[in-house]
Q: 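Right, I'll just put the structure down here and ask away after.
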Amino acid sequence: MEGSDTYLIRPNHQHKFKAAIVKECIREIVRERLSGVRYDPEEAPELSSTLADSIKDKVKNAGFDRYKLVVQVVIGEQRGQGVKMSSRCLWDADTDNYAEDVFMNDNLFCVVAVFGSYFY
């Protein structure tokens with residue numbers, strides 16, 4: 001048989017979505033962009049959008065071939081309040097995964113979740 005298969009039912013081990021690697025990508029970008037930043041409600045929507053794009057690009061370049069990515073970024077003012085966040089989805093527990101990280105300083109909090117769903 002010449003060539004290789006054009007479809008894969010499961011990712012090989014080195015291309016599987018690894019939450020620890022993705023979490024490190026999230027942490028690096030968020031710390032770099034938000035350290036020393038004060039919360040501004042006018043800038044928060046644009047900031048969360050650019051953070052999501054940067055994180056998505058970095059995770060894509062990490063080599064998770066055939067994964068569809070969803071990046072969710074929430075930025076809010078730090079006032080000592082509690083925040084709960086939840087998500088639901090239907091996925092394949094053998095191939096799909098997620099990573100999350102939380103950043104806080106004196107003025108703001110940022111919660112980032114990246115979901116990786118394998119494209120069959």
Side-chain angles (χ1 to χ4, degrees):
M1 184 177 203
E2 233 174 78
S4 63
D5 294 334
T6 58
Y7 64 91
L8 296 171
I9 295 180
R10 298 272 184 246
N12 59 30
H13 183 68
Q14 68 235 37
H15 291 125
K16 204 167 187 179
F17 190 93
K18 294 178 181 74
I21 292 171
V22 175
K23 185 171 184 154
E24 192 53 43
C25 292
I26 296 168
R27 181 169 284 153
E28 182 181 317
I29 290 174
V30 170
R31 303 274 182 285
E32 175 187 310
R33 301 271 178 92
L34 295 182
S35 292
V37 172
R38 294 188 60 81
Y39 179 77
D40 181 352
E42 301 293 323
E43 294 179 12
E46 179 64 29
L47 182 57
S48 62
S49 181
T50 57
L51 273 173
D53 288 339
S54 298
I55 291 166
K56 181 186 69 170
D57 292 341
K58 186 165 183 85
V59 172
K60 272 186 176 182
N61 291 330
F64 302 115
D65 297 339
R66 298 179 63 110
Y67 273 90
K68 298 295 181 187
L69 302 173
V70 175
V71 180
Q72 181 180 19
V73 177
V74 176
I75 297 175
E77 187 172 12
Q78 180 68 280
R79 290 183 151 182
Q81 74 279 27
V83 175
K84 300 232 184 234
M85 203 173 121
S86 63
S87 322
R88 302 213 180 192
C89 59
L90 181 63
W91 70 13
D92 184 342
D94 291 335
T95 59
D96 304 339
N97 206 345
Y98 77 99
E100 62 182 334
D101 196 31
V102 177
F103 172 85
M104 288 188 281
N105 66 21
D106 293 338
N107 301 296
L108 61 81
F109 67 88
C110 178
V111 180
V112 179
V114 178
F115 301 90
S117 179
Y118 189 72
F119 184 68
Y120 294 100

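As the structure is a computational prediction, the values presented were derived from the model and not from experiment. The figures here come from the full heavy-atom set of this structure, side chains too, leaving out hydrogens, waters and symmetry mates.
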Q: Would a single hydrophobic cluster contain both V59 and I21, if residues Ile, Leu, Val, Met, Phe, Trp and Tyr are joined by side-chain heavy-atom contacts under 4.5 Å?
A: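 Yes; tracing contacts between hydrophobic side chains, which count when under 4.5 Å, links both residues.
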Q: How long is the span from the CD atom in Q78 to the CZ atom in F103, to the nearest 0.5 Å?
A: 10.0 Å
Q: Let me confirm one number: the NZ-NZ distance from K56 to K60, rounded to the nearest 0.5 Å.
A: 4.5 Å
Q: With the 4.5 Å side-chain cut-off for hydrophobic clustering, are L108 and V102 part of the same group?
A: no
Q: Less than 4.5 Å apart, side chain to side chain, heavy atoms only: is that true for H15 and R66?
A: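 No, their side chains stay 4.5 Å or more apart.
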Q: Which heavy atom in P41 sits nearest to a heavy atom in P45, and how many Å separate them?
A: O-CD, 3.4 Å
Q: Assess whether atom CZ of F109 is packed by more than 12 heavy atoms of other residues, nucleotides or ligands within 6.0 Å.
A: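 Buried by this count: over 12 neighbours within 6.0 Å.
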Q: Less than 4.5 Å apart, any side-chain heavy atom of V114 and any of F17?
A: yes
Q: Would you say V111 ends up clustered with I26 if hydrophobic residues are merged whenever their side chains have heavy atoms under 4.5 Å apart, either directly or through other cluster members?
A: no
Q: Counting heavy atoms not belonging to Q81, are there more than 12 under 6.0 Å from its CD?
A: yes
Q: Once rounded to the nearest 0.5 Å, what's the spacing between atom CD1 of I55 and atom NZ of K58?
A: 10.5 Å
Q: Consider only side-chain heavy atoms of I, L, V, M, F, W and Y, link residues closer than 4.5 Å, and tell whether F115 and V73 are in one cluster.
A: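 No, it is not one cluster - the side chains of F115 and V73 are not joined through contacts under 4.5 Å.
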Q: Locate the shortest heavy-atom distance separating T50 from R33; write the atom from each residue and the value.
A: O-NH1, 4.1 Å
Q: Is it the case that over 12 heavy atoms from other parts of the model lie below 6.0 angstrom from the CZ atom of F119?
A: no
Q: Please round to the nearest 0.5 Å and tell me the distance separating atom OH of Y98 and atom OG of S87.
A: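 Those atoms lie 8.5 Å apart.
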Q: Would you say that P11 contacts T95 through its side chain, given a criterion of any heavy-atom pair below 4.5 Å between the two side chains?
A: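 In contact.
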Q: Are Y67 and K16 packed together at the side-chain level, in the sense that at least one heavy-atom pair is separated by less than 4.5 angstrom?
A: yes
Q: Determine the minimum heavy-atom distance between K23 and D101, stating which atoms define it.
A: CE-OD1, 3.6 Å
Q: Heavy atoms, side chains only, cut-off 4.5 Å: are L34 and L47 in contact?
A: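 Side-chain contact under 4.5 Å: yes.
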Q: So which atom in N107 and which in R38 form the shortest heavy-atom distance, rounded to 0.1 Å?
A: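 Heavy-atom minimum between the residues: OD1-NH1, 3.0 Å.
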Q: Within a strict 4.5 Å, meaning less than it, do heavy atoms of the Y39 and N105 side chains meet?
A: no
Q: Does CG in N12 sit with more than 12 non-hydrogen atoms of other residues, nucleotides or ligands closer than 6.0 Å?
A: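 Yes, because the 6.0 Å sphere around CG of N12 holds more than 12 heavy atoms from other groups.
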Q: Taking all non-hydrogen atoms of both residues into account, name the closest pair between I75 and A44 and its distance.
A: CD1-O, 4.3 Å
Q: Considering all heavy atoms of both residues, which atom of N97 and which atom of A19 are nearest to each other, and what is their separation?
A: ND2-CB, 4.1 Å
Q: Nearest 0.5 angstrom please: C110 SG to R31 CZ, how far?
A: 9.0 Å
Q: Would a 4.5 Å heavy-atom cut-off, applied to side chains only, mark Q72 and M85 as touching?
A: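 In contact.
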Q: Does the side chain of L51 come within less than 4.5 Å of V112's, by heavy atoms?
A: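 Not in contact.
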